[in-house]
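Step one of this worksheet: look at the structure below.
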Amino acid sequence: MEYSDKNAMSRKEYLKSKNKNKFGIRTVKYVLIVVVIVLLSIYLWKQLNIYNNVTKIANQVIEETALARTLKMYYISEGYTKDAPDAVMLYKATDESRTKIEGTENFSNIKLIEDKLFGLVKYKLYSINTQTLEKLDYSLSDVYEYIVRGNKIYYYSVNKKTEKTGIYVYDIDTKKSSQLINAEVTQFVMDDMYIFVVTKGKTAKSIVRYNINGSGRTVLTNKEIVSHMMINGSNIYFVADELLYRMNKNGKDITKLTNNKVYLDADVKAGYSLENMIAVKNHLVYYINKNEKNILYVIDMNKKEEQALTKKPVESVKIVDHILYFKLNSDLAFYKVNLETGKMEQITSIRGSEYICIN
């Protein structure tokens, strides 16, 4: 066999070729390692995302279950017989029990302030301690509406003598009353600084603002004939000619929120504010649409859109924290909607239109 030096390779070339092969193998190894790491990262990210979603759903279920167990509701129950008086019942979702609150016979316009349940009986104001069931008579007559603020009760009293009709303040400690505003009003709400009433102003029923001590009369509306109003945050919501409006507390930026008429149930609109007839949460306004057979609607004020939430007519609505409650009209069914999850379900059934929910 003849040897040819054409195929001969120097030691330097041999080492160079060997190193090149090693570099190629190392490169392939590193690429494979990077690919594996990337695939593992994607897998872990997907698993973490699945875990988070499952955890979120589980937490929502736990929250809904907890709410279902902890919900309490005071409501005025209609008598089952012709002569039986209405009374306040306490419903507990923990065991679905219903307990009559003794001493609340014929209560109306109920309000819960800490551990005291207030109510009117033939225009006289009482309170029941929900723990001890002690009943207090505040010796105030002809009371049509009242608002409790600390140790003071602001109330609207009607008297045969015109000069004695108006808004009063009662000091719970001294048990003394004094008149703040002498006027006939059809609505009465307040915040920490002002008292707002619907009374004769630039129209037969205008919104008028007073300082909390009864001074400084300011007419806020000058065109609309207002039937009902309520305060939410820095705004006043009111109904005029069955249409819903919003304005700030200075009477500026009056805005009509919808062209649909607002349904005001006869039992609910007898009250002295718009509470329980509309509800507001952030940029969402819930109201009962008279144009659409009294079903519940929601207005998105940011998007300027509105849509139906129910298929059956509703008589009242209110919001507590992030839960919206409503009662069907001519029906015993009582519902809740979680405004964070959108979940809607029937809670229970009640005979009556007034209720106070505690989450």
Side-chain angles (χ1 to χ4, degrees), residues 63 66-79 85-141 143-157 167-177 188-192 195 212 230-232 268 271-273 275-276 279 316-325 327 334 336 347-348 350-359:
E63 178 187 351
L67 173 62
R69 289 198 302 266
T70 61
L71 172 69
K72 293 181 181 180
M73 178 170 59
Y74 291 92
Y75 68 96
I76 296 179
S77 176
E78 299 172 354
D86 295 350
V88 179
M89 304 289 290
L90 171 60
Y91 166 80
K92 292 182 179 180
T94 49
D95 54 6
E96 297 187 350
S97 62
R98 300 170 193 269
T99 306
K100 177 184 174 182
I101 306 299
E102 296 297 333
T104 61
E105 289 78 12
N106 295 313
F107 263 34
S108 66
N109 195 359
I110 57 172
K111 298 177 185 180
L112 184 67
I113 311 297
E114 296 179 348
D115 59 351
K116 287 186 177 180
L117 182 68
F118 290 80
L120 295 177
V121 180
K122 296 181 179 179
Y123 305 110
K124 295 188 68 175
L125 181 63
Y126 298 87
S127 71
I128 296 282
N129 187 304
T130 57
Q131 304 300 318
T132 65
L133 297 183
E134 178 187 5
K135 187 173 184 177
L136 290 179
D137 179 352
Y138 293 91
S139 300
L140 303 176
S141 301
V143 177
Y144 281 64
E145 173 63 312
Y146 65 96
I147 298 173
V148 182
R149 292 295 174 109
N151 67 333
K152 291 182 172 57
I153 300 174
Y154 296 81
Y155 64 97
Y156 173 58
S157 178
I167 308 292
Y168 288 76
V169 60
Y170 172 81
D171 190 302
I172 295 175
D173 298 327
T174 64
K175 299 181 180 179
K176 292 183 178 179
S177 291
F188 161 41
V189 297
M190 64 184 295
D191 61 13
D192 293 334
I195 298 172
I212 203 164
M230 64 173 278
I231 297 174
N232 184 274
V268 181
Y272 275 71
S273 82
E275 298 284 350
N276 297 346
S316 62
V317 58
K318 67 169 56 180
I319 290 176
V320 181
D321 299 325
H322 64 285
I323 303 296
L324 180 142
Y325 298 95
K327 184 180 179 299
F334 188 78
K336 75 176 178 68
I347 303 174
T348 184
I350 61 173
R351 295 174 59 87
S353 58
E354 283 193 54
Y355 50 88
I356 300 170
C357 297
I358 306 168
N359 292 344

* Qualifying residue, where the test is side-chain contact (heavy atoms from CB on, under 4.5 Å) with N106 and the options are L120, I76, V121 -> V121
* Asked: Please walk me through it: do Y170 and L125 pass side chain to side chain contact (heavy atoms under 4.5 Å, CB included)?
  -> CA-CA 11 Å; Y170 172 81; L125 181 63; over 6 Å; no
* For S316, what residues pass the side chain to side chain donor-acceptor pair (under 3.5 Å) criterion, not counting sequence neighbours? -> Y355
* Over all heavy atoms of both residues, which pair between V88 and L117 is shortest? Give the atoms and the distance, please. => CG1-CD2, 3.6 Å
* Asked: S139: what forms a side chain to side chain donor-acceptor pair (under 3.5 Å) with it, not counting sequence neighbours?
  -> none
* Asked: In Å, rounded to the nearest 0.5 Å, how long is the span from NZ of K318 to CG of N276?
  -> 4.0 Å
* **Residue pair L71 / C357: nearest heavy atoms and the distance that separates them** => CD1-CB, 4.3 Å
* **Atom pair CD1/NZ of I356 and K72 - distance to nearest 0.5 Å** => 13.5 Å
* Results of salt bridge (charged side-chain N to carboxylate O under 4.0 Å, His left out) for E105 - residues two or more places apart only -> K100
* **Those residues that, when tested against T99, pass side chain to side chain contact (heavy atoms under 4.5 Å, CB included) (two or more places apart)** => none
* Asked: When rounded to the nearest 0.5 angstrom, what is the spacing between OG in S141 and NZ in K122?
  -> 13.0 Å
* To do: Please tell me if the side chains of K327 and S353 come closer than 4.5 Å, counting only heavy atoms from C-beta onward.
  => no
* Could you walk me through whether T130 and L90 pass side chain to side chain contact (heavy atoms under 4.5 Å, CB included), step by step? => CA-CA 10 Å; T130 57; L90 171 60; over 6 Å; no
* Looking only at heavy atoms, what is the nearest atom pair of G103 and I128, with distance? -> O-CD1, 3.9 Å
* Sequence neighbours excluded, which residues qualify as side chain to side chain contact (heavy atoms under 4.5 Å, CB included) partners of E96? -> Y91
* Any residue meeting side chain to side chain donor-acceptor pair (under 3.5 Å) with S127, in chain and number order, not counting sequence neighbours -> Y138
Using distance only, find each side-chain donor-acceptor pair of residues 144-155 under 3.5 Å and give its atom names and separation, not counting sequence neighbours.
| residue | atom | partner | partner atom | Å |
| --- | --- | --- | --- | --- |
| E145 | OE1 | N109 | ND2 | 2.7 |
| E145 | OE1 | K111 | NZ | 3.2 |
| Y146 | OH | N109 | O | 2.6 |
| Y146 | OH | F118 | O | 3.4 |
| R149 | NH1 | D192 | OD1 | 2.9 |
| R149 | NH2 | M190 | O | 3.1 |
| N151 | ND2 | D173 | OD2 | 2.9 |
| Y155 | OH | S177 | OG | 3.1 |

* Mind checking what makes salt bridge (charged side-chain N to carboxylate O under 4.0 Å, His left out) contact with K116, not counting sequence neighbours? -> none
* All salt bridge (charged side-chain N to carboxylate O under 4.0 Å, His left out) counterparts of D191, not counting sequence neighbours -> K249
* Asked: Residues in side chain to side chain donor-acceptor pair (under 3.5 Å) with T348, at least two apart?
  -> R98
* Roughly how far, to the nearest 0.5 Å, is CD1 of I350 from CD of E354? -> 10.5 Å
* Applying salt bridge (charged side-chain N to carboxylate O under 4.0 Å, His left out), name anything that partners K135, two or more places apart in sequence or on another chain. => none
* Once you round to the nearest 0.5 Å, how far does NZ of K92 lie from CD1 of I358? -> 10.5 Å
* Which residues share a side chain to side chain contact (heavy atoms under 4.5 Å, CB included) with N232, sequence neighbours left out -> M230, Y237, V280
* Can you tell me how far the OH atom of Y75 sits from the CD1 atom of I101, to the nearest 0.5 Å? -> 10.5 Å
* **D321 side chain vs I323 backbone, donor-acceptor pair below 3.5 Å** => no
